[in-house]
Amino acid sequence: MGWDWNYAIAILPEMLGALRVTIEITLLGSLVALVLGLVIAVVRRARIPVVDQLLWAFVEFVRSTPLLVQVFFLFFVLPRFGIVLGAFAVGVIALGVHYATYTSEVYRAGIDAVPRGQWEAAAALSLPQSRVWTGVILPQAVPRVLPALGNYVISMFKEVPLLLGIGVVEVVNKAKELSSETFRPIEPYTIAGLLFLALSLPASILVRRLERRRAAV
Amino acid sequence: MENLPRIVAVLLDGVPETVIAAAGGILLTILLAFSAGLALLSEHRLLRAISRTYVEFFRGTSEVVQLFWIYFVLPVLVGIQLLPLFAGVVVLGLNHGAYGAEIVRGAVSSVPKAQVEGAKALSFSPRDIRWRVVMPQAVLEMLPSFNNLFIQLLKSTAILSFIVVSEVTERGVQVLVPNFGDDIVLIFVLMLLIYLVLAVLITAVMRWLERIGARRLGRRPSASARTAAVAAAH
Amino acid sequence: MQPSEPMIVFEGVEKRFGDHVVLSDLDMTVAPGEHVTLIGPSGSGKTTILRLLMCLEKVDAGTIRVGGRYLTHMEKNGGLVPADERYSREVRKRIGMVFQQFNLFPNMTVRRNLTEAPTRVLGLSKDEANARAEELLDLVGLGDKIDAHPTQLSGGQQQRVAIARALAMRPDVLLLDEVTSALDPELVAGVLSLLQDIGKSTDITILCVTHEMGFAQDFSHRVMMFDGGRIIEDAPPEELFGAPRHERTRTFLQAVSG
Ligand SMILES: Nc1ncnc2c1ncn2[C@@H]1O[C@H](COP(=O)(O)OP(=O)(O)OP(=O)(O)O)[C@@H](O)[C@H]1O
Ligand SMILES: [Mg+2]
């Protein structure tokens, strides 16, 4: 069995449709990860006893265990507590929360890199705490860590196929469906691989360029 | 709760496969990371190009696609059907080896040029410079990043459940969830704990290696090691 | 090697970095056992000369000979071709260098820093190399630090080890590039007096770059003043320091003496 162009072209629209789902999940998941990660980082910075230890344990636990198991966990356990969500939503939440534990560490590194003098200067101006964050600290911390955040978004994109385990029809699940319908696995899986390559390669190059520009400043 | 012993038994049943997949994947990762990482630094253009292609290709595609490709497409193309566990080890190794190659390249090129010049001034051969001066220093530099990479790899073993390797995730989701629906929270907590314990074990071994390495360099393990590792993950 | 043959010969050496000519048409000879100090303003090419001798840089034109053998070139079919790595390494074995930043290997103990090259490069046995290392460490006054790691030593101690490491190769030529510049002021005198002792007790040819003019005066047989990639004055220290002939030398000496 060799490569069949006609078949490949015939399934391309369906594959692209599935890619759209993958991208949607990536973007929504990123939104969760970027916001929740920032919240975790800022709250941890306050070093509130107990809260800080709990957050630390949560972050370490989530980072050290498989995303796939976390996906299944949410999918099977949430309904027990009366929360009924579709596979798509579970996927977004699972990816978002998992990656929030990574982005929180990235934000933290960025915040730590803001010179102490900046905090002191802000305090000297008696700025309210919220203004210190939004006006002084974050505008300096976030641009620094943009490349690292970008890399996590790309990683998330490549982990969306894990959601085939709960029936989300993303690129790889679509390829699986197609190949079991037609008994031709070569084209669907190869196209799936190429679609990932086609998006993540330029994205990584972009991030690397951003990184270099940051380093040059 | 009366099902606890049965649940534990089924999950523990999956541990050997998970451990074999992780250990095999780690060994292959180390092998590929060093070969490809050193090739990235080679003077030969072709070698560099081959290695760069490998690294970008495996970092650019999804691990699940790689797994399905090797497990479902390769047999059709060349007529070799790999055993699921073996296919899993190969994909885990190839994928994380590509990330590891960048770790190796980065660590080797971070050894100060002055060290190479110091060695040249003593007329060491290029081989001795690499293996006796540069590499011992670079390897210590790599350990925290490899620790992270190995934990990523351990987490990735869960995808082998997609090709029905009876590892921990497969045991839990395919065997336990359908049969012990009432204990679903317990099942997942236990599963996650198993992975956590394995991750802690990996970290313990890597920290131990770091301590040995640091002692050989006459310094204490750096506090910056962890932050560096966080930044290098992925 | 004839007794009259110079130890180091530069003939028409040119070195460029891009468009920037650092050394142009440089001729220079150093006799066996001679101590020569190179002085001159920053960027005048002093370090470059030592790095050329160590084959850490390549010449763009001209030749360098050490102990009668070409360093930069090798003879082939009656002509000269640029030296390859293996050939350079062979000739370079006779040259030792001590760097401003010591460049000790942090992954090795002091003992291994001193024995690694003698065993790997010169083929000494472990016992011979160890004996040599112990003897040299006694000479530099660090006999008790043989099993320490470089990171556990002070800058001055590290530089003494670096000097011992270079001597362990029994070089004919020793290159010293501002070896005290990275040291705390109170450690400088000790290292300089060690170099004085080595200069007196051996017949090694020494080429030395330093900003310590007092040391240069006591230590050297000859001082060369560099500027703009050329030697503008070349004289025994009493003359060069006492009655510099060149205006540029005079202003330079005034500037460094403050
Ligand atoms: N690798 C290099 N690439 C480009 N330019 C270089 C390089 N190495 C040296 N140079 C240039 O060559 C010139 C001579 O440098 P060199 O280090 O020999 O000066 P020096 O006399 O030792 O000065 P200093 O007293 O500051 O040590 C300088 O202008 C320097 O900028
Ligand atoms: Mg210099």
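In what follows, chains carry the letters A, B, and so on, assigned in the order in which the sequence lines appear, proteins first and then strands, with residues in each chain numbered from 1. We use all heavy atoms of the structure for the numbers below, so side chains are in, but hydrogens, waters and symmetry mates are not.
No side-chain donor from either of A:E159 and B:S62 sits under 3.5 Å from a side-chain acceptor of the other. Using modelled atom types and a 3.5 Å distance limit, the side chains of B:Y195 and A:S64 yield no donor-acceptor pair. For the residue pair B:S156 / B:E63, a side-chain donor-acceptor distance below 3.5 Å is found, with atom types taken as modelled.
The part of B:V177 that comes within reach of chain A is its side chain, from C-beta onward, which places non-hydrogen atoms under 4.5 angstrom from that chain. Contact of A:L201 with chain B is made through the side chain alone, with heavy-atom distances under 4.5 Å. Only the side chain of B:S161 has a heavy atom closer than 4.5 Å to any heavy atom of chain A. When heavy atoms are compared at a cutoff of 4.5 Å, A:L197 approaches chain B by way of both its backbone and its side chain. Heavy atoms closer than 4.5 Å to chain B are found nowhere in A:S179, neither backbone nor side chain. Heavy atoms of B:F162 lying under 4.5 Å from chain A belong exclusively to its side chain.
For B:E56 and B:R52, the salt-bridge test passes: some basic side-chain N is under 4.0 Å from an acidic carboxylate O.
Taking the centre and axis of the six-membered ring of B:Y99, the NZ or CZ atom of B:R59 falls inside the cone set by 45° and 6.0 Å.
No more than 12 heavy atoms of other residues, nucleotides or ligands lie within 6.0 Å of CZ in A:R209, so this atom counts as exposed by the packing criterion.
Chain B forms the most heavy-atom pairs under 4.5 Å with one residue out of A:V77, A:L164, A:V160, and that residue is A:L164.
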